[in-house]
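Report on one structure; see the data block that follows.
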Amino acid sequence: MLKDPSIKYQPSYKINFPERTWVNKTITQAPIWLSTDLRDGNQSLFNPMNIETKMKFYNEIIRIGFKEIEIGFPAASEIDYNFARKLIEENKIPDDVTIMVMTQARKDLIKKTVESLKGAKKAIIHIYNATAKTWRETVFGMTVSQVMELIETHISYLKELTDQHPETQWILQYSPETFSSTEPEVALEACNTAIKAWKTSSTRSMIINLPTTVENTTPNVFADYIEWMNINIADRENIIISVHPHNDRGTGVATAELSLLAGADRIEGCIFGNGERSGNVDIATIALNLYTQGISPNLDFSNINHIAKIVEKCTQIPIHPRHPYVGDLVFTAFSGSHQDAIKKGFAAQKTEQYWKVPYLPIDPTDIGKNHENIIRINSQSGKGGVSYIMEHYYNISMPRRMQIEFSSLLQNIADSSESEMTPENIWTIFNSIYLENNTPDAIKYVHHKYIEGKIELYFMINGVDYKATGNGNGMIEAIINALNKCIDIIHYEEKSIGSGADATAICIIECQSSDGKINKFGVAKHHDITIASIIAIFNAVHRMKLTNHIL
């Protein structure tokens with residue numbers, strides 16, 4: 001049994017605010033979005049990103065449509081400093097995008113932060129300091145008056161430095177840390193002190209960022225805080241109120257949505273919620289929640305699998321299969337009753353104006369998923385244990401999405417034959433789908449040459465010999481280029497089967513057509529893993545019916 005919680009824990013601050021109005025409001029438009037994947041998300045990784053990885057992630061954030069991007073902590077990280085300089089000096093910041101960098105309220109750090117942004121057309125400097133009682137007393141040993149003096153001194157110093165560089169449009173973002181644990185009147189005084197020191201005006205705007213640095217109360221209480229600040233903060237017409245919810249209680253999305261009702265203008269978070277402890281708020285989820293209510297999020301999630309691939313590669317963190325919208329299994333119905341309702345919903349949807357398919361809150365095709373994988377039978381709902389049989393009897397461990405694909409294909413065959421599937425039956429079907437490719441139009445591997453990033457592929461289709469060449473940073477990239485870039489590699493894995501002279505390599509590759517519309521797996525076995533990889537790609541191209549694209 002848990003201990004009596006009343007002995008150890010006490011409720012967080014709760015203001016008496018009966019005049020709240022947010023409970024009667026609805027969200028009607030998207031907020032200003034800021035991606036903090038490259039700073040807050042990056043600092044929570046096992047292996048923080050290098051400049052090359054940051055650039056890859058940055059380019060995707062731009063493509064999605066973010067207009068404000070927090071790129072790092074340049075005074076604390078040489079990589080972040082050099083990344084900021086690279087973006088500015090190489091003119092990689094679009095005119096409609098503003099970068100943001102973070103710094104603590106320390107003069108040496110502020111000075112280096114300003115230096116990192118020299119030459120930028122527009123930039124946000126994010127300054128924060130501890131205001132919560134536990135932080136200011138236990139961590140820093142400061143009184144409230146000392147905290148206010150620190151804010152006034154350092155914001156004034158930042159103003160002095162930035163005034164020396166009028167070629168840049170400077171915007172201050174101030175965060176009282178942690179707002180969610182700070183007495184409301186202290187948080188208000190801290191923000192008003194920063195506003196006064198920055199000397200806000202119609203031409204000198206400022207962002208007040210109110211973070212749930214550690215989420216410690218219910219979303220409705222936080223919404224009261226936000227509306228109370230919205231009413232009482234100084235110079236409100238020149239202030240953008242931003243929220244930065246973390247997810248310690250698992251209610252980060254709800255906190256952000258209720259904050260919008262309470263008057264927040266802007267949300268900071270990571271695309272899929274990466275961040276310290278339980279993560280930052282998940283921007284993709286909030287954006288697509290808006291989308292399902294008929295509100296444009298002004299962000300492009302039309303190929304969410306592509307975004308997931310980049311995020312997973314850059315962060316080295318897998319996305320959970322039940323993650324809202326993007327998870328591999330969120331649009332999969334295993335239950336027979338669910339499948340029946342979805343089938344009937346699709347049939348009725350043809351004559352409906354609005355989306356009303358049961359169990360599907362969004363049309364999967366709107367975010368780049370397809371309908372064909374929604375209603376399927378996997379190992380748990382059809383003939384059972386398919387992935388177990390393949391691994392136990394044949395030493396083939398299929399990736400999750402391949403388990404789903406193969407189970408669906410297997411179930412269709414089982415339904416038509418109306419007979420029990422034995423391990424031998426399952427292997428025969430697997431072999432015919434993924435390995436044999438005996439049809440005349442299949443791509444038959446002949447041989448290849450690979451030297452210093454260049455590959456020559458020799459193959460046969462319909463009895464005709466062909467040759468294709470390609471260059472790349474590695475063999476796989478060279479193969480893709482040789483095949484006219486008709487596919488992208490989504491997932492690659494290889495494994496040895498057997499041992500000694502009898503050992504063979506099995507290669508499993510998930511491929512996506514270059515237009516993002518088709519996903520198929522290619523599989524091959526060969527004693528040479530390089531040849532197995534080539535044949536697996538050929539098999540995937542053939543299964544996607546893209547053979548003509550490589551000729």
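Residue indices begin at 1 and follow the sequence shown.
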Heavy-atom nearest pair, Asp80 first then Lys54, reads OD1-NZ, 2.7 Å

Determine whether the side chains of Ser156 and Glu152 contain a donor N or O and an acceptor N or O closer than 3.5 Å. yes

Quick one, Tyr325 and Ile304 - any side-chain contact, counting heavy atoms below 4.5 Å? yes

Determine whether the side chains of His246 and Asn280 contain a donor N or O and an acceptor N or O closer than 3.5 Å. yes

Do Glu227 and Thr21 have side-chain N/O donor and acceptor atoms under 3.5 Å apart? yes

Asn238-Ser205 side chain donor-acceptor pair, cut-off 3.5 Å: no

Any donor-acceptor N or O pair under 3.5 Å, side chains Tyr58, Asp37: no

Do the side-chain N and O atoms of His126 and Thr103 include a donor-acceptor pair separated by under 3.5 angstrom? no

Distance only, no hydrogens: is a donor on one side chain within 3.5 Å (strictly under) of an acceptor on the other, for Thr213 and Thr178? yes

For a side-chain hydrogen bond (donor to acceptor under 3.5 Å, both in side chains) check, start with the C-alpha distance between Gln173 and Glu70, then their side-chain angles and the critical distance, and finish with the verdict. CA-CA 11 Å; Gln173 172 166 309; Glu70 188 174 34; 5.7 Å; no

Is Glu149 atom CD crowded by more than 12 heavy atoms from other residues, nucleotides or ligands, each under 6.0 Å away? no

Indicate whether any N or O donor in one side chain lies under 3.5 Å from an N or O acceptor in the other, for Asn220 and Trp22. no

Are Tyr128 and Asn209 linked by a side-chain donor-acceptor pair shorter than 3.5 Å? no

Could you go through the side-chain hydrogen bond (donor to acceptor under 3.5 Å, both in side chains) check for Arg236 and Asn230 one step at a time? CA-CA 7 Å; Arg236 179 63 178 94; Asn230 189 43; 2.5 Å; yes

Answer with yes or no whether the side chains of Glu510 and Asn519 bring together a donor and an acceptor at under 3.5 Å. yes

Counting C-beta onward and ignoring hydrogens, is there a side-chain heavy-atom pair between Met55 and Glu52 closer than 4.5 Å? no

Determine, step by step, whether Thr200 and Asp235 satisfy the side-chain hydrogen bond (donor to acceptor under 3.5 Å, both in side chains) criterion, reporting the C-alpha distance in whole Å, the side-chain angles of both residues, the deciding distance to 0.1 Å, and the verdict. CA-CA 8 Å; Thr200 59; Asp235 200 19; 2.4 Å; yes

Greater than 12 external heavy atoms within 6.0 Å of Gln29's CD: no

Report the C-alpha separation of Asp328 and His323 in whole Å, then their side-chain angles, then the decisive distance to 0.1 Å, and conclude whether the side-chain hydrogen bond (donor to acceptor under 3.5 Å, both in side chains) test is met. CA-CA 8 Å; Asp328 287 340; His323 192 111; over 6 Å; no

Lys112 NZ: over 12 foreign heavy atoms closer than 6.0 Å: yes

Any side-chain donor near an acceptor of the partner, Asn216 and Ser181, under 3.5 Å: yes

Are Glu257 and Asn289 linked by a side-chain donor-acceptor pair shorter than 3.5 Å? yes

Got more than 12 heavy atoms from elsewhere within 6.0 Å of CD, Gln164? yes

Greater than 12 external heavy atoms within 6.0 Å of Lys196's NZ: no

